[in-house]
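Notes follow once the structure below has been shown.
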Amino acid sequence: NAGVTQTPKFRILKIGQSMTLQCTQDMNHNYMYWYRQDPGMGLKLIYYSVGAGITDKGEVPNGYNVSRSTTEDFPLRLELAAPSQTSVYFCASQGSSTDTQYFGPGTRLTVL
Amino acid sequence: GEDVEQSLFLSVREGDSSVINCTYTDSSSTYLYWYKQEPGAGLQLLTYIFSNMDMKQDQRLTVLLNKKDKHLSLRIADTQTGDSAIYFCAEEDTGFQKLVFGTGTRLLVSP
């Protein structure tokens, strides 16, 4: 099992550009999450999903969109990148309500 | 809303014990977690404690929970240089299995 994989590892965007951060898990987990981690801060939840076709906003959803067409994939879309979105983005998945969350290695995004 | 607080920095010598503290606000959290983040890596679950427990021991790790004061601590015995990392505590959101993370405590272990 690869666990939770994220691509790309690093990316630099110009203001106003768009991109999609990819997240895939091979553990057949229903729950998936996107977090951002700003320097010196804890993780903030952006969006989460309880299963294919179902998504919901977390604490800081503005400027982002998600989709969950399959159990395995949970891409995060930035439509108009802003410097405030410079952060490290972590994807996580969870199998059941009593399971823990498994994290991907992160994507470091810089918006200039 | 929920809020989880931690001290930002802890420095210890190799072989000493480390104690990382955390306070949380959601008294109905079922589980409380400790995660470790090494440089450039994602978060790795270290241990967790069920809310009806006071203490949990797992090899060099001891978790203490004081529900009355909403205080959680992680003790690392015989701290090694490989334990240098950022440690996050997290509580469960009452609505769903969403985790609310603290700001993280950077542990530096010097030889």
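Numbered from 1 within each chain, the chains take letters A, B, ... in sequence-line order. The figures that follow rest on heavy atoms only: side chains count, while hydrogens, waters and symmetry mates do not. Everything numeric here is computed off the predicted structure, so don't read it as measured data.
- How far CD of A/Q37 is from OG1 of B/T103: 10.5 Å, rounded to the nearest 0.5 Å.
- The cluster map of Ile, Leu, Val, Met, Phe, Trp and Tyr, joined by side-chain heavy atoms under 4.5 Å apart, puts A/Y47 and A/M32 in the same cluster.
- Both B/Y87 and B/V4 are members of a single hydrophobic cluster when ILVMFWY side chains are connected at heavy-atom separations under 4.5 Å.
- Hydrophobic clustering, with ILVMFWY side chains joined whenever heavy atoms are under 4.5 angstrom apart, keeps A/I46 apart from B/F101.
- More than 12 heavy-atom neighbours from other residues, nucleotides or ligands sit within 6.0 angstrom of NZ on B/K56.
- Only the side chain of A/L45 comes within contact range of chain B, judged by heavy atoms closer than 4.5 Å.
- Under the 4.5 Å side-chain contact rule for hydrophobic residues, B/L61 and B/W34 share a cluster.
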(request) List the steps, then state whether side chain to side chain contact (heavy atoms under 4.5 Å, CB included) holds for B/L99 with A/Y35. (result) CA-CA 10 Å; B/L99 295 179; A/Y35 295 91; 3.9 Å; yes
(message) Using side chain to side chain contact (heavy atoms under 4.5 Å, CB included), reason through A/Q101 and B/Y33 one step at a time and then give a plain yes or no.
(response) CA-CA 10 Å; A/Q101 292 187 18; B/Y33 301 86; over 6 Å; no
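- Below 4.5 Å, heavy atoms of chain A meet heavy atoms from B/L43, B/L45, all part of residues 43-55 of chain B.
- Put simply, A/Y31 and A/L76 are part of two different groups of oily side chains (I, L, V, M, F, W, Y) that touch within less than 4.5 Å, one to the next.
- Expressed to the nearest 0.5 Å, how far CZ of B/F88 lies from CE of A/M41 amounts to 10.0 Å.
- Sequence neighbours left out, not one pair with a member in residues 32-82 of chain A passes disulfide bond (SG atoms under 2.5 Å apart).
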